[in-house]
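What follows is a single structure, written as structure tokens, with notes after it.
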Number of protein chains: 2
Amino acid sequence: MDLYSIARWLSSEYHDLNGTHIDVLEESPTALEFSRLVHISRPVLIRGVQIPSVRLWDDEYLASALGEGEISVAVTPNGRADAVTRGPDGTLYFVEPHIEKMKMAGFLSKLSDETDDSEIYYLQSQNGNVYSNQFFQGTPDPSEFEAIRADIPSEIPWCTATFGKPPDAVNLWIGNHRSVTSIHSDPYENIYTVVRGSKQFTLLPPTEGCCVRERMYPHGTWTRQIPNAALTIAPSPDVPPIRWASVIDPDIPGNLPPDAHPIRITVNEGETLYLPPGWWHYVRQADNTIALNWWYDMEMWGLSWVLLNLLRGVGEVPSGNDASEEVEEN
Amino acid sequence: MDLYSIARWLSSEYHDLNGTHIDVLEESPTALEFSRLVHISRPVLIRGVQIPSVRLWDDEYLASALGEGEISVAVTPNGRADAVTRGPDGTLYFVEPHIEKMKMAGFLSKLSDETDDSEIYYLQSQNGNVYSNQFFQGTPDPSEFEAIRADIPSEIPWCTATFGKPPDAVNLWIGNHRSVTSIHSDPYENIYTVVRGSKQFTLLPPTEGCCVRERMYPHGTWTRQIPNAALTIAPSPDVPPIRWASVIDPDIPGNLPPDAHPIRITVNEGETLYLPPGWWHYVRQADNTIALNWWYDMEMWGLSWVLLNLLRGVGEVPSGNDASEEVEEN
């Protein structure tokens, strides 16, 4: 029995026992209830996580609160930051976005300008842009969102109690329907709250990692060769190749193999998704969607970490640019 | 990569990250602390689980409390109930013990009679002999140990709170140094308290299941063909073959492969071992050892159950009686 057959066996057994059902909680769980969900490691949709301060956020408030301060925004011509994209040389690259500094007011007007279809803006800096681990370690933690930090809780009390530690990072995400997050998995416990708008998640359990067909890609960055020029992919010769899913859009029929069991879930305003470590997720959003997420470090002791590494595949990962590999591009 | 290579990879990764250390808690954990231990799924030695009533147990009390009531005791000529043993026909069988009904007083005097080395007695009925799941379902649950039930808590409060359900079974174990429990794993969360004497556990993590080399064995039972005759192995033609470890004594150097990492731990009077599901255990005990255990059903949702099944090996298990299989017998 080879690794691929084992992965298929695991995937099928897991699906037979767990199905594709997602529990919905009307109230926040207690720490003890949440610890059972974490142990099962299934996504759960939680209603009733109350963060009253952020319910007052509108564009005017955000623009005014952040004023002249500059924020880092991802810019791409295709809406796919951190995704596999074919370069002008015909090679597939894992491409990071161009980062542009701008004021919140300018960013929000870019987002809502329906006539401007040249470039796509997405606030997704995801480096602990609201609170990084420096904050939780008690060291200075400057943030571009300092002015609205008071609105954003640094931790979710029942999560911190379950994990016995504060988050590792808290992030703010603002985007529209033109931005997509390519399918990937994180080694984090993720609490994802939609403040405004809605997010559509396409999920695959860790057992179905083989369905996204990870491959190795050279690294590139969307770059302006001269100011105001169009963005082009600049290869990054000094960055090692990146392992990434070769499935670009898992929502297009046929892009996932027939034995994949994707779970599609919409997280609406005021709702929170618990996304356990290792779950693959592809994310789209409605226009004017604002979300917050809290990442807690996953448990490295015990079997889970070792298992997740097994499920991502032991041994060498092939190049995504082999002639034998066909990648759909949409 | 075949299943055996994958098992070895998992075993080595798990060992590199987790080592062979066993945490010792001086006090009982809270439910939330225990839930983190359950999530990690590592054995833990817990001191300070207080069960004052059973600390008063001595032979005289037990004999007197249980009086004329009969209890079911396992009898074997070799001290190995539920173990692989070679029959007179040269075949290896998985052999269950002969069950003899006797009074507690008679059993205890058998246990402490150093001159009687003909047969070995072990109270190990392990069918929920103190409280079975009928008790927890609120249906009548007659027990041979009814008379001392009041001394034995039906549940461990912080375990019940962690798992969100009562135990599935509570058992009393009484034996001496001549009885051994062959290496096996259970699909249960196990809380094991030593009331008197001591137990020596040899443990292997679930990732090292391949080290015990499970094989299929025909079933047999230690039986007296006529009253007072010596015990012989009677094959059970109607019972399907049993899958069991072919390693008889993992404590003898060389019986486990060099890449096994056994953990040896002694649980003394007043101490409690948390043994997570899927951990392989081989158990010996000092003379006059009394123990209690609480089995809670393990979580079947999520990845753990699927993983444990993978680690026990997917596919056909070979017969333990193939000429090519060499089994040490000690």
Side-chain angles (χ1 to χ4, degrees), chain A residues 1-19 21 23 29-44 158 160-165 189 205-207 276-279 298-311 313-316, chain B residues 1-19 21 23 29-44 158 160-165 189 205-207 276-279 298-311 313-316:
Chain A
M1 218 175 190
D2 62 12
L3 185 57
Y4 184 70
S5 312
I6 288 168
R8 288 188 58 149
W9 180 88
L10 266 174
S11 153
S12 152
E13 286 285 300
Y14 181 84
H15 177 70
D16 288 351
L17 284 163
N18 293 278
H21 175 74
D23 267 345
T30 66
L32 205 48
E33 286 163 350
F34 184 55
S35 74
R36 288 183 211 127
L37 300 173
V38 168
H39 188 46
I40 295 176
S41 204
R42 293 278 300 175
V44 181
W158 40 271
T160 297
T162 291
F163 299 124
K165 58 193 170 196
E189 305 279 0
T207 43
W279 277 76
M298 74 169 287
E299 182 56 71
M300 313 283 275
W301 289 85
L303 279 171
S304 306
W305 176 257
V306 175
L307 176 65
L308 287 186
N309 284 330
L310 172 72
L311 291 173
V314 178
E316 217 172 320
Chain B
M1 218 177 189
D2 63 11
L3 186 57
Y4 184 71
S5 311
I6 288 168
R8 288 187 58 148
W9 180 88
L10 266 174
S11 151
S12 153
E13 287 286 299
Y14 181 84
H15 177 69
D16 288 353
L17 284 164
N18 292 278
H21 176 74
D23 267 345
T30 65
L32 205 48
E33 286 164 350
F34 185 53
S35 74
R36 288 183 210 127
L37 301 172
V38 168
H39 188 46
I40 296 175
S41 203
R42 292 278 301 175
V44 181
W158 40 271
T160 297
T162 291
F163 299 123
K165 58 192 170 196
E189 304 279 359
T207 43
W279 277 75
M298 76 168 286
E299 183 55 70
M300 315 281 277
W301 288 84
L303 279 170
S304 305
W305 175 257
V306 175
L307 176 64
L308 287 186
N309 285 331
L310 172 73
L311 291 173
V314 179
E316 218 174 320

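Note on naming: letters A, B, ... go to the chains in the order of the sequence lines (proteins, then strands), and numbering restarts at 1 for each one. What you see below is based on every heavy atom in this structure, not just the backbone, and it leaves out hydrogens, waters and symmetry mates. No experiment lies behind these values; they were computed from the predicted model shown.
Heavy-atom distances place the side chain of Glu299(B), and not its backbone, under 4.5 Å from chain A. Heavy-atom distances place the side chain of Pro206(A), and not its backbone, under 4.5 Å from chain B.
Taken to the nearest 0.5 Å, the CD1 atom of Ile40(A) stands 12.0 Å off from the CE atom of Met300(B). Taken from CD in Glu33(B) to OG in Ser35(A), the straight-line distance is 12.0 Å, to the nearest 0.5 Å.
Ranked by heavy-atom pairs under 4.5 Å with chain B, the first of Val38(A), Thr207(A), Leu303(A), Asp16(A) is Leu303(A).
The two residues Trp9(A) and Val306(B) have their closest heavy-atom pair at CZ3-O, 4.0 Å. In terms of heavy atoms, Leu32(B) sits closest to Ala161(A) at CD2-O, 3.5 Å.
Side-chain contact check for Trp301(A) versus Asn18(B): some heavy-atom pair is nearer than 4.5 Å. By the 4.5 Å heavy-atom criterion applied to side chains, Leu17(B) and Asn309(A) are not counted as neighbours.
For Arg36(A) (side chain) and Thr162(B) (main-chain N/O), a donor-acceptor pair under 3.5 Å exists by modelled atom type.
Shown here are the ring pair (Phe, Tyr, Trp, His ring centres under 6.0 Å) partners of Trp158(B), two or more places apart in sequence or in another chain: Phe34(B).
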